[in-house]
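Heavy-atom basis, side chains included; hydrogens, waters and symmetry copies ignored. Just so we're clear, the structure is a prediction, and the values are computed from it rather than from any experiment.
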There are 2 protein chains.
Amino acid sequence: MNHQQPNYDNLSLFQKLQQELARIIEETPAGERLQSEPELAASLGVSRATLREAMRSFEGQGLIRRRQGVGTFVLDHRQNIETGLEVLESIETQAHRVGLDVKMGYLDINKVKSDVDLAKKLGINQDEEAIRVSRVIWVADRPVAFLVDTIIPGILDEKDLSNGFTGSVLDLIIKRGKPELSHSKTEVIASPAPSEIAKKMQIQRGDVLLKLDALLFDKTGRMIDYSQSYFIPGFMKFEVIRSIGK
Amino acid sequence: MNHQQPNYDNLSLFQKLQQELARIIEETPAGERLQSEPELAASLGVSRATLREAMRSFEGQGLIRRRQGVGTFVLDHRQNIETGLEVLESIETQAHRVGLDVKMGYLDINKVKSDVDLAKKLGINQDEEAIRVSRVIWVADRPVAFLVDTIIPGILDEKDLSNGFTGSVLDLIIKRGKPELSHSKTEVIASPAPSEIAKKMQIQRGDVLLKLDALLFDKTGRMIDYSQSYFIPGFMKFEVIRSIGK
DNA sequence: CTTTATCCTATTGTCAGACAAGTAAATTTG
DNA sequence: CAAATTTACTTGTCTGACAATAGGATAAAG
């Protein structure tokens, strides 16, 4: 007899399970106990081993706490899943979730010959031509972000960026489906606004901006995109869950 | 017969396993394959199920990639484990690891009656007295950080902070062992330097600082400490691994 | 000889069932 | 009534199995 479940769509069982679990955790008030592992596993239609693998990842995010002999409890989260820096999503996606309208003002697309620094960062050869997309993002009639993406050759061309481009390179690649994205390594910096950026964001040169410097990787570990994002402080909230080591 | 392993010290099997795995991943060059799960499990003395739980957490951090039918591969990491924001450690601990000397200049300890905002933040009653510790951290003869911790009553007293206090409330509580710490929820902000802080850090008022606003939780989910940390840009690197949702 | 289809093997993905260990409440005992 | 014990339930871990996948080896077809 066959005990296993067939994989009907291309989402892995584990990924679907993660989504389900995230929903359950989110809907459970902080402090309350979850169903026991055998119960949950049964009701979700997976084995306890698979369920436990998924639980680990949520424990690592500080969303639940497990106590042997007692149970698994939901910690105080308040939309960590949505607002946490650890999930990579575009500003558009984040803004839409909270019902805000996002517009793109000023868009500049051009090719840049990569100098030695950029070549090293992106893992391409010097003098290869990368595509650079710069734009200002407006939310609720205020400029809130200035974004610059530098994308390795062969991923996008100008055509992709001309019709129906909403301002998010990330969303564009995700919608395309290839290459399959994995994660980004993001450095967090405080930076005074350079004059060109200050002008486009209608602020003073030297005003304080939060900058996220990110390298985007696909599932094979290849670098796809080097993205620099400048944010007006206070408008968006960036949070991280930091766990005690050991 | 007993198949299980006894728990000799108070580190859980899983936690020890995580440390071992982190070491192995770190020592394996990027792109190379790890031993197969059955081999690794055997050589680490754990079952494959337990090993897989630990693997999941590293996969979630973008450190490894697993491919069914092929194997598990190490991605390009470069000390993510050490410098990543997702692990909570004191500046002292981070600086010591890279061989830098840390000194504390200016230390101020006093009690503050919590107003309505602070009480709400820390989950204590209004007018309860919290302890506030402010200090400047010098590294290599330069002020690099200004730290303010506000700690709920009953955790520390002035005595703890007078003898042998090195500047890190976090390390102090960890060394103590109680309460057992779990994680912090940290907000990342760009902030101009307030004049009092600017003076103590020998910079200009309004200069750009990176600020980390953190709430520290113990394992029961109780808030312990509200910590505000201001950093001179460029000296420390703060990185986050962000994963694609779904 | 080249190309295509098939088989084989190693690897991760998932499962079922078991026992160990910790916790809290109920029960028994003094 | 208080302390000790039992009991029931929970998470932690182990074992051994089979499913699904991918890549190389091998055989068949042209």
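- In this structure, CG of B/Leu17 is placed 14 Å from C1' of D/dC14, rounded to the nearest angstrom.
- At the phosphate of C/dT11, neither OP1 nor OP2 sits under 4.0 Å from any side-chain N or O atom of B/Arg66.
- In this structure, B/Leu40 atom CG and C/dT11 atom C1' are separated by 12 Å, rounded to whole Å.
- Within 4.0 Å (heavy atoms only), B/Arg56 reaches sugar-phosphate atoms of the nucleic acid but no base atom.
- Considering only residues two or more places apart in sequence or on other chains, B/Glu37 meets the side-chain hydrogen bond (donor to acceptor under 3.5 Å, both in side chains) condition with B/Arg48, B/Arg52, B/Arg66.
- In this entry the distance linking CG of B/Leu51 with P of C/dT11 reads 14 Å, nearest Å.
- Whole-Å rounding puts the A/Phe73 CZ to C/dG22 C1' distance at 13 Å.
- The side chain of A/Ser36 has D/dT11 as its nearest neighbour among D/dT11, C/dT12, D/dT13.
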Every protein N/O within reach of nucleotides 23-25 of chain D N/O, cut-off under 3.5 Å:
from   : atom 1 : to      : atom 2 : distance (Å)
D/dG23 : OP1    : B/Arg67 : NH2    : 3.1

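- The side chain of A/Gln68 lies closest to D/dT11, out of C/dT12, D/dT11, D/dT15.
- In this structure, the side-chain hydrogen bond (donor to acceptor under 3.5 Å, both in side chains) partners of A/Ser184, at least two apart in sequence or on a different chain, are A/Thr186.
- Rounding to the nearest 0.5 Å gives a distance of 11.0 Å between CD of A/Gln228 and CG of A/Leu212.
- Taking only distance into account, the side chain of B/Arg48 meets the base of C/dG13 through a donor-acceptor pair shorter than 3.5 Å.
- A straight line from CG of B/Leu44 to C1' of D/dT13 spans 15 Å, rounded to a whole angstrom.
- Taking atom NZ of residue B/Lys16 and atom C1' of nucleotide D/dG12, one finds them 13 Å apart after rounding to whole Å.
- If you measure from atom CZ of A/Arg52 to atom C1' of D/dT10, you get 11 Å, rounded to the nearest angstrom.
- The side-chain hydrogen bond (donor to acceptor under 3.5 Å, both in side chains) test with B/Arg23 is passed by exactly one of B/Glu26, B/Gln19, B/Glu20: B/Glu20.
- A salt bridge links A/Arg56 with A/Glu59: at least one charged nitrogen is closer than 4.0 Å to a carboxylate oxygen.
- Atom CZ of B/Arg33 is separated from atom P of C/dA10 by 11 Å (rounded to the nearest Å).
- You'll find that the side chain of A/Glu37 is closest to D/dT11, out of D/dT11, C/dT11, C/dT14.
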